[in-house]
Every structure is written in C-alpha cells, then in structure tokens.
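To start, the structure under review is shown below, and the notes come after it.
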Amino acid sequence: LEPRLDRLDLQGDARRVVALVAGPREEKDSVWLRGSAHYTAPGLPDLHFELEETALFRGDRICHLSDHYGEADTRALTDYLGAHGAKLGIEGA
C-alpha cells in the first residue's frame, strides 16, 4: 500500500523543497518523472523521500495522477505519518 499524503502539501507552516531527479519523459499519453521532496514543519523531524510520478493525460488535461514510492521510502513515510500524522492533520495515514 502506498502511504496517504493527501494533506501533507496543504500544511501552511510546513516548508517543502521539491526537486526533479530524472525526467520528465513522455510515454504515449502520459508523462513520467522521478523527484525528491524534503518537508520541514515546526516541532517535527524533517521528512525526506523520493517518488516516481506519472500523469496520464486526456487531451491537454491531467485525468489521473499517481505516485509510487520505493520500499524504503514507503516504510519511512508510513513510520513518519504513524508518529506525526495527527500533528499534521493527516488521519488514518
């Protein structure tokens, strides 16, 4: 199971640094990329992870966006959200 990060980007006091690691690469009707993210929030340990993201297009609009995490990043995200998700407003992570 992929960790649920639905609300992580919405935290007003969190600081995020997102970087492109590889890509973007066009594949038929989708665009793939690999990136890294580093989040800091007051009173919480820093969070760093990498992911692969695929955006599926229908015409000129994204119709589906999916993120995939490696095993180590999935474990780190799950542990982090289990320990700190409630403080970030992310329930049931």
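Here, residue 1 is the first one in the sequence, and each next residue gets the next number. Because the structure is a prediction, the values reported are computed rather than measured.
- Side-chain contacts under 4.5 Å among hydrophobic residues (ILVMFWY), followed directly or transitively, place Phe57 together with Val31, Ile62, Leu65.
- In this structure, the side chain to side chain donor-acceptor pair (under 3.5 Å) partners of Glu50, at least two apart in sequence or on a different chain, are Arg34.
- A donor-acceptor distance shorter than 3.5 angstrom exists from the side chain of Tyr80 to the backbone of Pro45, with no hydrogens or angles considered.
- Applying the salt bridge (charged side-chain N to carboxylate O under 4.0 Å, His left out) test to Glu71 and every residue at least two apart in sequence or in another chain returns Arg75.
- Transitive grouping of hydrophobic side chains (ILVMFWY, heavy atoms separated by less than 4.5 Å) keeps Leu51 and Trp32 in distinct clusters.
- Taking CZ of Phe49 as the start and CG of Leu47 as the end, the distance is 5.5 Å to the nearest 0.5 Å.
- Within the structure, the side-chain hydrogen bond (donor to acceptor under 3.5 Å, both in side chains) test picks out the following pairs touching residues 20-30 (sequence neighbours left out): Arg25-Glu27.
- Leu33 forms part of a hydrophobic cluster together with Leu20, judged by ILVMFWY side-chain heavy-atom separations under 4.5 Å.
- Partners of Asp46 under the side chain to side chain donor-acceptor pair (under 3.5 Å) rule, at least two apart in sequence or in another chain, are His38.
- Rounding to the nearest 0.5 Å gives a distance of 13.0 Å between NE2 of His48 and OG1 of Thr40.
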